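These notes concern the structure reproduced below.
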Amino acid sequence: MATLLEIENLKTQFFTSAGTVKAVDGISYTVDEGETVALVGESGCGKSVSALSVLRLIPWPPGKIVGGHIEFDGVDLATLSEEEMR
């Protein structure tokens, strides 16, 4: 099977007056065609921020993807314009 989604060392942080919050700190996983994946964890562990990061929907300020690589169907999502992401 071909890899459909590849997340490598994804890091998303929020910069607040109280300091930097490392909401997602280095997650990596792949999803192959036809595969179903679920993110499971405690409240506040970064599941929603991880999903929003993949879709590039983290609001700046205060949040920002500060590291990692997100590739969907062979395309680096960081290189796409907002229109291309839609």
Side-chain angles (χ1 to χ4, degrees):
M1 282 190 180
T3 298
L4 185 61
L5 177 67
E6 181 178 2
I7 310 296
E8 185 177 309
N9 201 29
L10 181 63
K11 297 179 181 188
T12 303
Q13 298 179 353
F14 290 87
F15 303 93
T16 71
S17 59
T20 301
V21 176
K22 296 178 180 180
V24 176
D25 194 22
I27 64 168
S28 298
Y29 60 92
T30 59
V31 181
D32 291 334
E33 288 182 15
E35 188 174 38
T36 301
V37 174
L39 294 178
V40 181
E42 295 180 20
S43 177
C45 73
K47 300 177 302 289
S48 295
V49 174
S50 297
L52 290 170
S53 296
V54 170
L55 297 171
R56 287 187 27 204
L57 294 175
I58 297 295
W60 172 253
K64 187 174 183 179
I65 297 170
V66 297
H69 180 77
I70 305 167
E71 190 172 292
F72 178 76
D73 202 18
V75 177
D76 182 356
L77 297 186
T79 65
L80 298 180
S81 68
E82 287 186 29
E83 183 177 323
E84 291 170 317
M85 280 297 294
R86 281 193 294 275

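Computed from a predicted structure; not experimentally measured. Computed from heavy atoms alone, side chains included, the values below leave out hydrogens, waters and symmetry copies.
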What residues, two or more places apart in sequence or in another chain, satisfy side chain to side chain donor-acceptor pair (under 3.5 Å) together with [X]?
X	answer
T20	none
E82	none
S17	none

Next item on the list: Please report the closest heavy-atom contact between T30 and E35, naming both atoms and the distance.
Entry: O-OE1, 4.0 Å

Next item on the list: List the atom of T79, the atom of D76, and the distance in Å for their closest heavy-atom pair.
Entry: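 In terms of heavy atoms, the two residues are closest at OG1-O, 2.7 Å.
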
Note to self: For L77, is there any backbone N or O sitting under 3.5 Å from a side-chain donor or acceptor partner on R56?
What the structure shows: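 Yes: the side chain of R56 pairs with the backbone of L77.
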
For residues 38-52, tabulate all N or O donor-acceptor pairs below 3.5 Å that involve a side-chain atom, not counting sequence neighbours.
| unit_1 | atom_1 | unit_2 | atom_2 | d |
| --- | --- | --- | --- | --- |
| K47 | NZ | G41 | O | 3.1 |
| K47 | NZ | E42 | O | 3.1 |
| S50 | OG | G46 | O | 2.7 |

Anything under 3.5 Å between a donor and an acceptor, one on a side chain of residues 1-15, the other on a protein residue two or more places apart or in another chain? List them.
| unit_1 | atom_1 | unit_2 | atom_2 | d |
| --- | --- | --- | --- | --- |
| T3 | OG1 | D32 | OD1 | 3.3 |
| T12 | OG1 | S53 | OG | 2.8 |

When the side chains of residues 65-73 are checked against the rest of the protein, which donor-acceptor pairs come out under 3.5 Å, sequence neighbours left out?
| unit_1 | atom_1 | unit_2 | atom_2 | d |
| --- | --- | --- | --- | --- |
| H69 | NE2 | E71 | OE1 | 3.2 |

Note to self: Quick check: is I27 connected to V37 through a chain of hydrophobic side chains (ILVMFWY, heavy atoms under 4.5 Å apart)?
What the structure shows: yes

